[in-house]
Amino acid sequence: MTQTQATEESQAMPELPEVETTCRGIAPHVIGKKIRSVEVRQPQLRWPVSTELAQLLPAQKFTAVTRRGKYLLLHCKPGTLMIHLGMSGSLRIVETRNPPSYHDHVDIAFSNGSVLRYTDPRRFGCMLWISGDPLAHKLLRSLGPEPLGEDFHDDYLWQKSRNRKIPIKAFIMDSKVVVGVGNIYANEALFLAGINPRRAAGRVSRERYHALSVAIRQVLAKAIKAGGTTLRDFTNSDGQPGYFKQSLHVYGRASQPCQQCKTPLKEIRMGGRSTVYCVQCQK
DNA sequence: CAGCGCCCCTGCCCGC
DNA sequence: TGCGGGCAGGGGCGCT
């Protein structure tokens, strides 16, 4: 991996497309492979990593790798390993002999000599063991629909937003409304739909919710498709996040001219998050 | 319930 | 050049 790629990757926040790419990327390397050992070098993530993993997982095989929102679910017979990548986390397949670096917090080693390695400099991620139905877990049971699923559409958003006074941006970033819409894609989708991020969710018309639902699907699907092109090199960890593959219209472009009307883009902070929009094109 | 602000943590950037 | 302070950011959680 070149220095340039390492730098870009360290800045990459795992949004839903990156999590989906990770899900697809690790699946063939971990499903059906016998687990030999688990090493937790740094258990202090968002919540402590259970030391029981080292006893529970060896001799097991992951039977499936699925995703719910930005949570990755590695299923095996006695339970499910739930992983969130937080802001700076990543999962890679490496060789056993590959020595861990400072931020490589967890290794799950397989009998074939490969290792599933969890890396997370900022440690906002988590790795939790769930025995029983993972979808009934506290962190998953109240989540809204998947943005690329059939339950997510304009009528759903419109119904859900009645009498809501919170800004539309906060509304679509609320995981109880819809999962996986992070700050970058919320900014982008609102620009594409022509909606001011501060507009109250309850004051967005049905027609504009149609445009918004289409925009959300579009930016996420496009990024996942872009991520898919790097899948074959997943183990070499040279994949770049999907949003580098598509032009960002507003995110990170504060004070630069709007690509539609040339008006300088405005940046405000909403809930502590950078919010960039065009005062002319987004009402 | 709805809405809002805090906080976990480190890398990066800026100013002196 | 080196160092310290400020800040960003996902999202659960506690408080109003």
Side-chain angles (χ1 to χ4, degrees), chain A residues 3-20 22 40-49 67-73 82-91 100-106 118-128 130 134 136-144 146-147 157 159-189 197-204 216 220 223 241-243 248 250-255 267-276:
Chain A
Q3 193 58 48
T4 301
Q5 286 166 331
T7 300
E8 286 177 353
E9 200 142 15
S10 67
Q11 294 172 341
M13 289 162 282
E15 295 249 8
L16 184 135
E18 288 69 50
V19 179
E20 175 64 21
T22 298
V40 181
R41 286 177 291 269
Q42 169 57 280
Q44 298 303 314
L45 304 183
R46 193 183 206 286
W47 294 286
V49 178
R67 178 186 63 76
R68 181 72 176 95
K70 292 184 188 172
Y71 290 95
L72 284 166
L73 302 172
M82 179 167 69
I83 300 172
H84 197 290
L85 301 177
M87 279 194 54
S88 57
S90 64
L91 284 168
S101 300
Y102 182 61
H103 295 300
D104 297 336
H105 305 314
V106 182
Y118 177 84
T119 306
D120 188 1
R122 295 189 183 179
R123 292 193 268 136
F124 276 21
C126 68
M127 185 177 293
L128 297 175
I130 305 174
H137 189 276
K138 182 175 64 172
L139 296 173
L140 301 183
R141 66 186 175 208
S142 299
L143 293 179
E146 291 287 332
L157 281 178
Q159 290 291 343
K160 193 85 175 170
S161 63
R162 291 311 85 190
N163 301 319
R164 296 295 299 272
K165 293 178 169 54
I166 58 166
I168 183 68
K169 179 164 180 263
F171 181 68
I172 61 173
M173 289 180 70
D174 182 349
S175 64
K176 292 191 292 297
V177 174
V178 57
V179 296
V181 181
N183 193 45
I184 294 172
Y185 294 119
N187 277 298
E188 292 300 305
R198 292 192 294 191
R199 174 173 286 272
R203 288 180 159 271
V204 173
I216 289 172
L220 293 175
Y243 49 78
L248 296 177
V250 289
Y251 185 82
R253 298 192 68 247
S255 76
E267 179 172 32
I268 59 173
R269 305 209 61 81
M270 290 182 63
R273 269 43 169 184
S274 171
T275 304
V276 187

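Worth saying up front: this structure is predicted, and the values here are computed from it rather than measured. Within every chain, numbering begins at 1; the chains are lettered A, B, ... in the order of the sequence lines, protein sequences first and strands thereafter.
Applying the side-chain hydrogen bond (donor to acceptor under 3.5 Å, both in side chains) rule to A:Q42 yields no partners; only residues at least two apart in sequence or on another chain are considered. Considering only residues two or more places apart in sequence or on other chains, A:Y71 meets the ring pair (Phe, Tyr, Trp, His ring centres under 6.0 Å) condition with A:H84. By the side-chain hydrogen bond (donor to acceptor under 3.5 Å, both in side chains) test, A:K169 pairs with A:N183, A:T275, sequence neighbours left out. A search for side-chain hydrogen bond (donor to acceptor under 3.5 Å, both in side chains) contacts involving A:R203 returns nothing, not counting sequence neighbours.
Summarising the geometry, the separation between CG on A:D174 and P on B:dG5 is reported as 15 Å, rounded to the nearest angstrom. Atom-to-atom, CD of A:Q42 to P of B:dC8 comes out at 15 Å; the value is rounded to the nearest Å. At whole-Å resolution of the value, CZ in A:R162 and P in B:dA2 are 14 Å apart. Between A:L45 atom CG and B:dC8 atom C1' there is a gap of 11 Å when expressed in whole angstrom units. A:R122 has its CZ atom 10 Å from the C1' atom of C:dC7, to the nearest Å. Rounded to an integer number of Å, the gap from CZ of A:R164 to C1' of B:dC1 is 9 Å. A:Q44 has its CD atom 15 Å from the C1' atom of B:dT10, to the nearest Å. In this structure, A:E267 atom CD and C:dA8 atom C1' are separated by 11 Å, rounded to whole Å.
Put simply, A:H103 has no side-chain N or O that comes within less than 4.0 Å of OP1 or OP2 on B:dC9. OP1 or OP2 of C:dA8 has not a single side-chain nitrogen or oxygen of A:Y251 nearer than 4.0 Å. In terms of phosphate contacts, A:R123 brings no side-chain nitrogen or oxygen within less than 4.0 Å of OP1 or OP2 of B:dC8. In this structure, A:R269 does not reach the C:dC7 phosphate: none of its side-chain N or O atoms is under 4.0 Å from OP1 or OP2.
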Run the numbers on A:V204 and A:L157 for side chain to side chain contact (heavy atoms under 4.5 Å, CB included), then give the verdict. CA-CA 10 Å; A:V204 173; A:L157 281 178; over 6 Å; no

May I have the step-by-step check of side chain to side chain contact (heavy atoms under 4.5 Å, CB included) for A:E188 and A:L248, ending in yes or no? CA-CA 7 Å; A:E188 292 300 305; A:L248 296 177; 3.8 Å; yes

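A rotation axis mapping the C1' atoms of four pairs onto the next four is fitted at both ends of the helix from B:dA2-C:dT16 to B:dC16-C:dG2 over five pairs, and the angle between these axes is 50° to 10 degrees.
A distance-only check finds a donor-acceptor pair linking the side chain of A:D104 to the backbone of A:S101 [under 3.5 Å].
A donor and an acceptor atom, one from each side chain of A:S274 and A:E267, are located under 3.5 Å apart.
Among the heavy atoms of the strands lying under 4.0 Å from A:N183 are primed sugar atoms or P, OP1, OP2 only; no base atom is included.
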Base versus backbone protein contacts along nucleotides 11-16 of chain C [heavy-atom cut-off under 4.0 Å; B, S, -]: BBS---

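Taking every side-chain heavy atom of A:F124 into account, B:dC8 is the closest of B:dG11, B:dC8, B:dC4.
A salt bridge links A:R68 with A:E146: at least one charged nitrogen is closer than 4.0 Å to a carboxylate oxygen.
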